[in-house]
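One structure is given below, encoded as C-alpha cells.
Everything quoted here is computed from the prediction, not taken from an experiment.
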Amino acid sequence: MADVFISYSNLDASVAQDIGNGLQRMGIDVFTDDTVLVAGKQAYEQIEKALRESDVAVILLSTNSRRSSWVEEEISRAINRKKNVIALLLDENAENNWVWPLIANREAIDMRTESIEAAIRKIACAIEPTHTSLALSRSAQPASRIATRAPRPIRAAPTLSVPSAGQPAAAGLNINEANKLPEARFFGTNIPARLDRLPWSRFHTRVCVVLGLTWILFGLGVTLVSPLDPVIRPAVWLSRDPMGTAVLFYLLGSALGALIFAWATDRFGRSKLMTITILIFLLGTAATGCAWSDWSFVAFRLVTGAGIGGAYVAVNSTLQELIPAHYRGTTIISVNGFFWAGAMFSALASLVVLDPHLPYPEIGWRAAFLVAGTLALITVPLLRWIPESPRWLIAHGRPGGADEAERIVASIEAEVGREHNVRLLPERVVQLFQLDHTTIGGAARLMFRTYKNMFGRYRNRTVLGLALMASQAFLYNGIIFDYGRQLTELYGVQIHEIGRYMLPLAFSNFVGALVLGRLFDSVGRTPMIIITYALSGILLAFTGLLFWLGMVDAWGHTACWMTIFFVASAAASSAYLTVGEAFPLEMRATSIALLFAFGTAIGGVFVPLLFGWLIPAGALNTVYYFLAAALMMVAAGTAWYLGFPAERRSIEEAAAAAA
C-alpha cells in the first residue's frame with residue numbers, strides 16, 4: 001500500500017523530489033501520478049487508484065501549482081475521498097490558490113519559514129503511529145530511489161469535469177479562466193450526487209409520464225402533414241415545390257428554435273422554457289389548420305418547428321439532470337420514443353379525415369390540426385409536477401437558487417425515503433462554478449466561450465455529436481415527411497389508405513425505443529450506439545438493393561421500413577443522449593441546440609427537396625437508401641473511435657470521461 005501521494009507542479013519537481021527522497025529514507029512509500037499512469041488507460045482511473053491506496057495526500061501549493069491541471073485534479077480527488085491532506089506552502093502565492101479555502105482547516109506546513117527536513121518529519125508523523133515509529137528508526141538509512149514525474153511541458157489546464165471529483169467547469173473553463181470572469185464563483189455542493197444515488201420512484205415515473213405525454217402530442221402535430229398531404233395541397237394551393245418548402249421551413253424553424261431557446265433555457269430555467277415551447281407549438285399547430293395560402297401554411301410550420309426545436313433542448317436537459325445515473329439512458333431513449341406514439345395517433349386520424357364516405361375532407365384536415373394544437377394545453381398544468389432542475393439552480397447564479405435547489409432535493413429524498421423505507425446516506429461534496437446569467441454581458445461571454453470550446457477543446461465530442469445528429473436527421477427527415485406521397489406516386493396507394501401504412505412505421509419506432517433503450521444502460525453507451533447505427537446502415541443498404549431489383553411492393557416496402565425503424569429509433573434518440581452527456585452542465589443546453597441545428601441543416605433541410613426532385617425519375621430509393629446507409633455507417637465508425645463510457649455515471653462524471 002502506498003503511504004504518501006504527492007501532488008505538485010512540474011516546476012516544483014525539485015522540491016517534490018527532495019521531500020520524496022526524505023520520506024523514502026524513512027521507509028515510507030511515495031507515489032506520484034507518473035508512477036502509476038499506464039499508457040492506454042484512463043488517467044483519472046489510475047490517479048483514483050493511487051489516491052485510494054495512499055494514507056496521506058501531500059499538496060505542494062505555489063504560484064506554479066495554480067497553473068497545473070494535474071494538481072487541480074489530484075487535489076479535488078483527495079478532498080472528495082476525504083483523505084488526510086497536508087498542504088505545503090512554497091511561496092507568497094500559495095494561499096491564493098483556489099483550493100486553499102477548501103483545506104484551510106487541515107494541516108499546513110509553511111515551507112517559507114520551515115526547512116524541508118522539518119516538513120518531512122511532520123508528514124511522517126501523519127502516517128499511522130506504528131508505521132511512523134518504524135519509519136523514524138530508519139531515518140539514517142541511505143536514500144532509495146523514488147520515481148518522480150518525468151519533465152514535461154506545462155499544458156493548458158483542461159476542464160475540471162473530473163469524474164470522481166465531479167467538477168464540471170463552466171462552459172469548459174478551467175479554474176484560472178473562470179477566476180477572470182466577474183460573474184464566476186467557486187463553491188461546493190452535494191446535490192448532483194444526491195440526485196444520482198436515488199432509486200427509481202414515483203417521482204421519476206411522474207416526470208416520465210408528463211414528458212412522454214408532451215412528446216406524444218408533439219409527434220401528433222408534426223407528423224400529421226405526411227398522411228394528410230393529398231388533401232392539404234389543393235386546399236392551400238400548394239404545388240410540389242411549395243410543399244417541400246413548407247417542410248424546409250419547418251426544419252429551419254426547429255433549428256432556429258433550438259438555438260434561440262437554448263440560451264433562454266440556460267438563462268431562465270428548464271421548467272419555464274418547457275411551458276413556453278409547448279405554447280409556441282400549440283400556436284403553430286393550431287394556426288396550421290387555419291392556413292389560407294401557401295405562404296401562411298409555410299409560416300405556421302416555421303412556428304411549429306421553433307416550438308419543437310426549443311422543446312428538444314428543454315426536455316432533454318431536464319431529463320439529463322433529474323433522472324438518476326443508473327436509469328438515464330433507458331429513460332431518455334424511451335421518453336423520446338413517445339414521439340412515435342403521437343405519430344401513431346396521426347396515422348389513425350388520417351384514416352378518419354380521409355375516409356371517402358365522409359364529406360368535406362378539407363374541413364377534416366383543418367380540424368385535425370386544431371385539435372392537435374389544443375390538446376397540447378393538457379400538458380401545461382401537468383408541468384407543475386416537474387420541479388426546476390436543482391443542478392441548474394445551483395450553477396446559474398439565481399437569487400436564492402441554492403436554497404430552492406436544497407428544498408427540491410430534500411422533498412424528493414423525503415418522498416423516495418417514504419416509498420422505499422430506506423435511509424439515504426450522505427453523499428460527497430463536488431465543486432462547481434456558479435455563473436451569474438442575470439446580466440446580458442455575462443450570458444454573452446458564456447455563449448461565446450461555449451461555441452469556442454465546442455470547436456476547440458471539445459472538438460472530438462462535437463464531431464461525435466454532429467455525426468450522430470446529421471446521419472439520423474438524414475434518415476428520418478428524408479422519409480417521414482414525404483412517405484405519404486411516395487406511396488401514392490410510386491405504388492398507386494389510394495390516399496385514404498395512407499394511414500394504414502404509416503401506422504406500422506410509427507409503431508415500430510415506438511416499440512424499438514422501449515425495447516432497446518434499456519440496453520444503453522446495461523450493455524453500455526458506445527457498444528449500443530455502434531450496433532444500432534451500423535445495423536441501421538446494413539438494413540438500409542439491403543432495402544435499397546431490394547427496391548433496385550424491383551422485389552418490393554407497398555407492403556414489402558413498409559415491412560422493410562418497420563425493421564429499419566425498430567433499430568434506428570433507439571439510435572436516433574441516443575444522439576441526444578450522447579450530446580447531453582458529452583458536455584459540462586453550463587454547456588449542455590447550448591451544445592444540444594447547436595448540434596441539433598447543425599445536424600438538421602446538414603442531414604435534413606435539403607432532403608425533402610431532394611425527394612421531390614427524384615420521385616418522378618424513379619431513382620428515389622436507390623440513391624437515398626445507399627446514401628443514408630453510408631452516413632449511418634460513418635456515424636457508427638465515429639462512435640467506435642470517439643465514443644466514451646457514460647452508462648451508470650453521473651452526468652458530471654460522464655462529461656469528464658469524454659475528455
Short side-chain to backbone donor-acceptor contact, S508 and L505, under 3.5 Å: no

Audit row: L282, L377, side chain to side chain contact (heavy atoms under 4.5 Å, CB included) steps and yes/no: CA-CA 7 Å; L282 182 158; L377 285 174; 3.1 Å; yes

Flag side-chain contact, heavy atom, 4.5 Å: N316 against V579: no

Are the side chains of F520 and M528 in touch, meaning some heavy atoms are under 4.5 Å apart? yes

What's the separation between atom CE in M562 and atom CZ in F507, rounded to the nearest 0.5 Å? 7.0 Å

Hey, does the side chain of R461 reach the backbone of A582 with a donor-acceptor pair shorter than 3.5 angstrom? yes

Could you walk me through whether L546 and F542 pass the side chain to side chain contact (heavy atoms under 4.5 Å, CB included) test, one step at a time? CA-CA 6 Å; L546 291 179; F542 179 71; 3.5 Å; yes

So which heavy atom on A554 is nearest to which on L487, and how close? CB-CD2, 4.5 Å

What distance separates L273 CG from I280 CD1, expressed to the nearest 0.5 Å? 8.5 Å

Between I498 and P227 the two heavy atoms that sit nearest each other are CG2-CA, 3.8 Å

Decide side chain to side chain contact (heavy atoms under 4.5 Å, CB included) for T331 and C208; before the verdict, give the C-alpha distance in whole Å, the side-chain angles of both, and the deciding distance to 0.1 Å. CA-CA 7 Å; T331 302; C208 292; 3.3 Å; yes

Answer yes or no: are there more than 12 heavy-atom neighbours, outside F345 itself, under 6.0 Å from its atom CZ? no

Is the backbone N or O of N509 less than 3.5 Å from a side-chain atom of S569, with the two atoms forming a donor-acceptor pair by type? yes

Audit row: F338, L211, side chain to side chain contact (heavy atoms under 4.5 Å, CB included) steps and yes/no: CA-CA 9 Å; F338 273 86; L211 297 183; over 6 Å; no

Is there side-chain contact between I216 and F339, with at least one heavy-atom pair below 4.5 Å? no

Quick one, S254 and F596 - any side-chain contact, counting heavy atoms below 4.5 Å? yes

Report yes or no: does R366 contribute a side-chain atom to a donor-acceptor pair with the main-chain N or O of A291 at less than 3.5 Å? yes

Please report the shortest heavy-atom distance between A541 and F626, naming the atom on each side. O-CE2, 3.6 Å

Apply ring-ring contact (aromatic ring centres under 6.0 Å, His included) to residues Y625 and W561 and explain how you reach the verdict. CA-CA 11 Å; Y625 279 125; W561 268 116; 5.4 Å; yes

Rounded to the nearest 0.5 Å, what separates atom CG in L516 from atom OG1 in T330? 11.0 Å

Roughly how far apart are L519 CG and E647 CD, rounded to 0.5 Å? 12.0 Å

Does R328 use its side chain to pair, donor to acceptor, with the backbone of D196 at less than 3.5 Å? no

Does a side-chain heavy-atom distance below 4.5 Å link T563 with V567? no

What is the ring orientation for W215 with Y312, classed by angle as parallel under 30°, tilted 30 to 60°, or perpendicular over 60°? tilted

If I compare all heavy atoms of L354 with all of I495, which pair ends up nearest, and what's the gap? CD1-O, 3.1 Å

For residues T223 and W340, is any side-chain donor paired with an opposing acceptor at under 3.5 Å? no

Nearest 0.5 Å, please: how far is CG in L279 from OG1 in T275? 7.0 Å

Can you establish whether the number of heavy atoms outside W640 located under 6.0 Å from its atom CH2 is more than 12? no

Under 6.0 Å from the CH2 atom of W548, do we count more than 12 heavy atoms belonging to anything else shown? no

Is it true that a side-chain atom of Y576 and a backbone atom of I592 form a donor plus acceptor pair closer than 3.5 Å? no

Quick one: side chain to side chain contact (heavy atoms under 4.5 Å, CB included) partners of T578, sequence neighbours excluded? L464, L468, I529, F644

How long is the straight-line distance from CH2 of W365 back to CG of L370, given to the nearest 0.5 Å? 9.0 Å

Identify the two heavy atoms, one from G221 and one from T285, that lie closest to each other, and give their separation to 0.1 Å. CA-CG2, 4.1 Å

Could you tell me whether the side chain of L322 reaches within less than 4.5 Å of the side chain of I386, counting heavy atoms only? yes

Check the angle between the aromatic planes of H557 and Y491 and answer parallel, tilted or perpendicular using the 30° and 60° thresholds. perpendicular

Would you indicate whether the side-chain heavy atoms of F510 and L514 approach each other to under 4.5 Å? yes

Give a yes or no on whether the backbone of L577 and the side-chain of Q320 come within a donor-acceptor separation of less than 3.5 Å. yes

So do the side chains of I232 and F369 get within less than 4.5 Å of each other, counting heavy atoms only? yes

In terms of the angle between their ring planes, are Y476 and F565 parallel, tilted or perpendicular, with boundaries placed at 30° and 60°? parallel

Closest non-hydrogen atom pair between G337 and A513, with its separation: CA-CB, 3.7 Å

